[in-house]
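Structure first, commentary second.
Quick note: residue numbers are just sequence positions, from 1. Each ligand, and each atom within it, is numbered from 1 in the order the structure gives.
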Amino acid sequence: MISAEKIPNNVGLSSNKRLQRALEHWQPQYIQWWKDMGPQGFQDYHQVYVRTAVSVDPSGWAHFEYVKLPEYRWGIFLADPVHDRRIGFGDFFGQPVWQEVPGEFRNQLRRLIVTQGDTEPASVEQQRWLGQRCPSMYDLRNLFQVNVEEGRHLWAMVYLLHSYFGRDGRDEAEELLARQSGNRDKPRILDAFNEPIENWLDFFMFTMFTDRDGKSQLLSLSESSLDPLSRTTRFMLTEEAHHMFVGETGIARIIERTCQLLQSAGFSEDVRKLGGIDLPTIQKFINLWFSLSLDLHGNEISTNAASYFANGLKGRAQEEKWDDHLVTEKHYDLEVAADGRLERKAIPMRTAMNEVLRDWYVGDCEAGVTRWNKIFERHGMSERLRLPDRKFNRGIGMFSSLHFDPNGAPLSEGEWQRRRNEWLPSPEDREYLLSIMARPVYEPGKFANYIAPPLRGVNRMPVNFEYVRTEA
Ligand code: BYC
């Protein structure tokens, strides 16, 4: 039975019979999906110290407690309404935002919401085996926190589909549970969400780079003329911040440990011999997950993106920071490949909106890598990590049919095939990582040899707190 106590919300669920009926049908399927495709081996006997969103009050929206994962209270929240909110960009600039979906934009909006919604369960599926290889109880808890919140983000999109898209919306909500990450016949919609996440370096890079695409896409959707979409995504961003924290600090702790191991061995040893993760491997995983996440921003030149912008459905990140909100005259100076050469070409700015968002994203990633590099500085080391050129290893867009090295220099097909394992994780790299992660670390306060402990625990608890427990 659906009840407002079980489903924390600020959408008036208890008086919304239509939504209740739709959820009554969907929720049992969701729970079944969670048990089948969610964290494997931690559903029945484990209790996890997680936060639950219980309101949108900035000073106290989260409540921490031990829960069994299938009993997590997935809630539905919209950020508080903004008084007299107006459409901030595009052809309807300055008009009041919409509280209902206009018929002419129904398909486009549904497509955007379904694409966003599809990524959330996909990531839970991708990460479902990681608990069996965790580097510590602290990290195990963070993994589950991320997982339950991605589940809640699915609920957020399903709320929109159920409330604003009638029968089609209910069908789409069911399809969101039917597609499966990596499934040949029914894959997830966007490519990065079909990639395996088999080890914790993948996981931390994913939460650093792919969740950051979540941030840029949610920022752009939070500008939407459809007010319920704007308010839903604004609140999702609050939770997203923690996911990127998990990724960024996870990699920072691996780098820290690698530096310690190198120092203890007088910088002469192969870190792998000491059980650590060597810097070239870390760089390869940056190259992989950054390039996969660049693809998530779509084609460089996109009439879809132009139309989303024109109709106010999806904008730029932080639209208020731009001067011109109509963008009818401006051009974007895009690097394009023509006749085997790279050149710059001015294209109408509205068709370049995917690229504009990608620029924002690259800047945000760069700031993160700069913070990682400070760890080397602190250790007095000259090594540095970096982002590859945005043409490197692309699967979507105009560079996807060509090959480039991480500096952006063009390569022939033969050279690419010969050298790709220098830049991307090789089967041997993956084998090595699995070998050092084969035995999970479940003892409170203990950490795998390849990662340093965090500076502090969760919610002011000590680092050696029992974040996941098995007793009733
Ligand atoms: N993979 O005109 P284009 C997150 C397709 S992550 C496969 O450029 P558009 C999260 C495209 O569908 C954020 N196909 O497309 C993170 C289209 O297909 P059709 C998720 C792709 O619409 C971690 C064709 O190529 N949110 O939240 O401008 C954990 C033409 O392309 C891909 C969103 O994505 C791809 N990568 O741009 C958990 C926001 N890229 O129609 C969660 C909603 C393009 O020709 N989505 N195609 O069959 C969008 O805004 C847009 O759909 C995209 C694509 C930016 C993704």
Under a plain distance cut-off of 3.5 Å, with no hydrogens placed, do Arg386 and Asn407 share a side-chain donor-acceptor pair? yes
Checking side-chain polar atoms at under 3.5 Å, does Tyr450 have a donor or acceptor matched by the opposite partner on Trp200? no
Can you work out which protein residues put a heavy atom within less than 4.0 Å of ligand 1? Arg111, Leu112, Thr115, Gln116, Thr119, Glu120, Ser123, Glu150, Ile189, Leu190, Asp191, Phe193, Phe206, Thr210, Asp211, Asp213, Gly214, Gln217, Asp295, Leu296, His297, Gly298, Asn299, Ser302, Asn304, Ala305, Tyr308, Lys314, Asn354, Ile396
Please, which pairs that meet salt bridge (charged side-chain N to carboxylate O under 4.0 Å, His left out) have at least one residue in residues 226-239, sequence neighbours excluded? Arg85-Asp227, Arg152-Glu239
Any pair counted as salt bridge (charged side-chain N to carboxylate O under 4.0 Å, His left out), so long as it reaches residues 214-223, sequence neighbours left out: Lys215-Asp364
Lys321: what forms a salt bridge (Lys or Arg N to Asp or Glu O under 4.0 Å) with it, not counting sequence neighbours? none
On the ring face of Trp360, is Arg316 found with NZ or CZ under 6.0 Å from the centre and within 45° of the axis? no
